[in-house]
2 protein chains.
Amino acid sequence: MARPRTPLLSRERIVTAALQLIDAEGLAALSTRRLATELSVSGPSLYNHFATKDELLDAVVDSVMGEVDLSMFGRDAPWPAALRDWARSYRAALAAHPNIVPVLAQGPGRRPNALRLADAVFGCLVEAGWPRGQATRIGALMRYFVAGSALASFAAGFPEDAGVYDAADYPHLGEAHRLAEHRSAIDEGAFETGLEALLDGLLLRYERTVPRP
Amino acid sequence: MARPRTPLLSRERIVTAALQLIDAEGLAALSTRRLATELSVSGPSLYNHFATKDELLDAVVDSVMGEVDLSMFGRDAPWPAALRDWARSYRAALAAHPNIVPVLAQGPGRRPNALRLADAVFGCLVEAGWPRGQATRIGALMRYFVAGSALASFAAGFPEDAGVYDAADYPHLGEAHRLAEHRSAIDEGAFETGLEALLDGLLLRYERTVPRP
DNA sequence: ACCTGAACACCGTTCAAGT
DNA sequence: ACCTGAACACCGTTCAAGT
């Protein structure tokens with residue numbers, strides 16, 4: 001067939017299909033050939049739109065970042081409230097696509113939405129009176145916490161069969177096999193507890209170090 | 001040659017070589033064939049010791065977990081101090097092997113060292129008077145923070161060329177290209193700031209909710 | 001510019017064969 | 001029990017060829 005009159009593919013169509021595949025079958029299921037098949041196209045076609053598979057994955061991550069709400073930073077709410085809302089929105093975006101989270105390891109890179117996000121958080125903190133160095137650190141540590149909560153989903157990995165938890169080896173884990181029953185509730189609770197602790201701790205530091213306006 | 005008198009391989013030798021390869025050249029460089037070559041052995045030999053590549057990766061992660069110091073939990077230090085020491089040791093272990101961090105996504109699974117670690121933290125908190133539900137959450141959220149700090153190394157991904165940060169697009173990131181210069185210092189500072197904030201916040205909660213002994 | 005089929009070097013894994 | 005070579009189905013990517 002060669003080149004069609006109207007292009008069969010676009011970066012956007014490819015990214016959408018890739019994310020769907022990753023969501024449905026996991027990161028390992030995403031091969032360029034499989035993805036091409038899903039798009040009714042031959043394997044090498046993708047290389048007209050992305051130079052490498054890594055570049056495609058980068059775009060997929062950035063599309064997830066694009067789902068994160070940043071509007072709370074434009075409403076001059078107090079910074080802890082804005083940070084709380086943003087962290088929840090960020091976590092919700094990652095939790096909706098858990099299989100992509102390991103790819104976050106590459107850092108913000110050149111992804112426009114990731115940079116927009118970093119910019120918004122940093123701007124909010126500086127405007128609130130945080131010194132720029134502190135604002136950088138706080139932006140980073142909030143990202144740590146959110147990314148970690150999406151990556152290291154705690155309950156998810158505990159085997160469900162009680163036999164694993166030999167009492168002699170793990171004296172305190174006797175009921176850990178029950179965790180799997182309500183894993184998402186535990187992750188949610190741990191996230192909320194950690195978020196509040198983090199904000200409380202940061203507020204203490206703020207009162208100690210930032211002069212009143 | 002077939003079977004040698006004394007085995008050429010062992011799980012331990014394979015895990016050590018795999019971690020070395022991952023540290024030196026990244027996760028993508030670890031193929032079963034490449035690893036086998038590194039061990040002067042033919043590809044399929046590994047399957048006498050691990051059922052799949054995933055099982056091997058699991059063992060590699062657990063060996064890193066084995067580097068985490070847990071001795072602070074046996075010294076009846078106050079729980080915030082023990083948690084602080086443990087978090088630092090945990091982070092140091094992951095920072096020493098950053099390329100393996102994405103694999104943590106699989107959760108503690110059946111990895112004995114990961115389970116031992118979860119057990120120690122949980123036990124310390126329960127002994128300090130935290131209700132079991134809270135202790136579970138706190139163990140999880142501490143892991144989130146540490147895993148996230150190793151995964152989402154904030155500064156690492158910022159491109160070094162200033163041209164990326166068009167002032168119109170990212171009004172607050174004008175100096176972000178300088179981050180790369182001292183990325184590890186920033187990550188370290190963000191981790192320490194977050195850790196203190198987290199512990200301060202948890203201590204507040206402790207004083208509010210846990211009755212004095 | 002954008003798609004195709006053929007091709008290259010490389011995967012993870014299975015299996016029969018050897019000792 | 002533990003290693004080997006051969007084989008299978010599958011990768012990411014390149015490239016010349018087509019419109």
Side-chain angles (χ1 to χ4, degrees), chain A residues 1-62 99-100 102-103 105-106 109-110, chain B residues 1-62 99-100 102-103 105-106 109-110:
Chain A
M1 166 203 317
R3 177 159 105 98
R5 239 172 287 92
T6 155
L8 298 177
L9 297 176
S10 68
R11 285 176 68 100
E12 205 197 338
R13 240 170 68 69
I14 295 171
V15 165
T16 303
L19 185 55
Q20 264 170 22
L21 188 52
I22 291 170
D23 286 345
E25 306 187 29
L27 204 50
L30 184 82
S31 73
T32 54
R33 296 168 114 114
R34 169 75 193 278
L35 178 57
T37 303
E38 220 74 38
L39 289 160
S40 307
V41 116
S42 96
S45 303
L46 302 176
Y47 288 86
N48 286 294
H49 304 267
F50 293 96
T52 62
K53 186 185 174 184
D54 273 354
E55 192 185 300
L56 163 59
L57 274 175
D58 229 45
V60 172
V61 170
D62 204 52
N99 297 334
I100 196 72
V103 186
Q106 288 145 14
R110 273 139 225 278
Chain B
M1 166 205 316
R3 178 158 107 98
R5 240 173 287 90
T6 154
L8 299 176
L9 297 175
S10 68
R11 285 177 66 101
E12 205 196 338
R13 237 169 69 69
I14 295 171
V15 165
T16 302
L19 184 55
Q20 264 170 20
L21 188 51
I22 291 170
D23 286 344
E25 305 188 29
L27 204 50
L30 183 83
S31 73
T32 55
R33 296 167 115 115
R34 169 77 193 278
L35 178 58
T37 303
E38 220 75 38
L39 288 160
S40 308
V41 115
S42 95
S45 303
L46 303 175
Y47 289 85
N48 286 294
H49 303 268
F50 293 97
T52 62
K53 185 186 175 184
D54 273 354
E55 193 185 300
L56 163 59
L57 273 174
D58 229 45
V60 173
V61 170
D62 205 51
N99 298 333
I100 195 71
V103 186
Q106 289 145 15
R110 272 140 224 279

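Atom CG in A:Leu19 sits 11.0 Å away from atom CG in A:Leu35 (nearest 0.5 Å). Rounding to the nearest 0.5 Å places CG of A:Leu57 at 5.5 Å from CD1 of A:Ile100.
Closest contact between the side chain of A:Ser42 and the listed nucleotides C:dG5, C:dC11, D:dC2 involves C:dG5. Comparing C:dC2, C:dT13, C:dT4 by their nearest atom to the side chain of B:Lys53 picks out C:dT13. Comparing D:dC3, D:dT13, C:dG12 by their nearest atom to the side chain of B:Pro4 picks out D:dC3. Of the listed nucleotides (D:dG12, C:dG12, D:dC2), C:dG12 has the atom at the smallest distance from the side chain of B:Tyr47. Comparing D:dC2, C:dT14, C:dT4 by their nearest atom to the side chain of B:Pro7 picks out D:dC2. With D:dA7, C:dC3, C:dT14 as the candidates, the nucleotide lying closest to the side chain of B:Pro44 is C:dT14.
Put simply, CG on B:Asn48 is 13 Å from C1' on C:dT19, counting in whole angstrom units. Here C:dC11 presents its C1' atom at 16 Å from CG of A:Leu30, a figure rounded to the nearest Å. The CG atom of A:Leu9 sits 9 Å away from the C1' atom of C:dC2 (whole-angstrom rounding). Atoms CG (A:Leu35) and P (D:dC10) sit 17 Å apart, rounded to a whole Å. If you take CZ of A:Arg13 and P of C:dC2, they are 14 Å apart, rounded to a whole angstrom. Look at CG on B:Leu46: it is 12 Å from P on C:dC11, rounded to the nearest Å. Remark: P of C:dG5 and CZ of A:Arg33 are 12 Å apart, rounded to the nearest angstrom. D:dC2 atom P lies 15 Å from atom CG of B:Leu39, rounded to whole Å.
The side-chain heavy atoms of B:Leu30 and B:Arg34, taken from C-beta on, include no pair separated by under 4.5 Å. Looking at heavy atoms from C-beta onward, A:Leu9 lies in side-chain contact with A:Val41 at the 4.5 angstrom threshold. Residues B:Thr32 and B:Leu56 have side chains not in contact (no heavy-atom distance under 4.5 Å, counting atoms from C-beta outward).
Between D:dG12 and A:Thr32, a contact under 4.0 Å exists linking OP1 or OP2 to a side-chain N or O. Listed pair A:His49 / C:dC3 meets the phosphate criterion, a side-chain N or O lying under 4.0 Å from OP1 or OP2.
For the pair A:Ala51 and A:Arg34, both in contact range of DNA chain D, the more 5′-proximal nearest nucleotide belongs to A:Arg34.
Between the side chain of B:Arg3 and the base of C:dG18, no donor-acceptor pair of N or O atoms lies under 3.5 Å.
Of the nucleotides present, C:dT19 is the one that pairs with D:dA1 by Watson-Crick or G-U wobble criteria, both distances under 3.5 Å. C:dA7: Watson-Crick or G-U partner is D:dT13, with both key distances under 3.5 Å.
Base engagement by B:Ser45 is indicated by at least one non-hydrogen atom pair under 4.0 Å involving a base atom.
For residues 4-14 of chain B, every residue pair satisfying the salt bridge (charged side-chain N to carboxylate O under 4.0 Å, His left out) rule, not counting sequence neighbours, is listed here: B:Arg11-B:Glu55.
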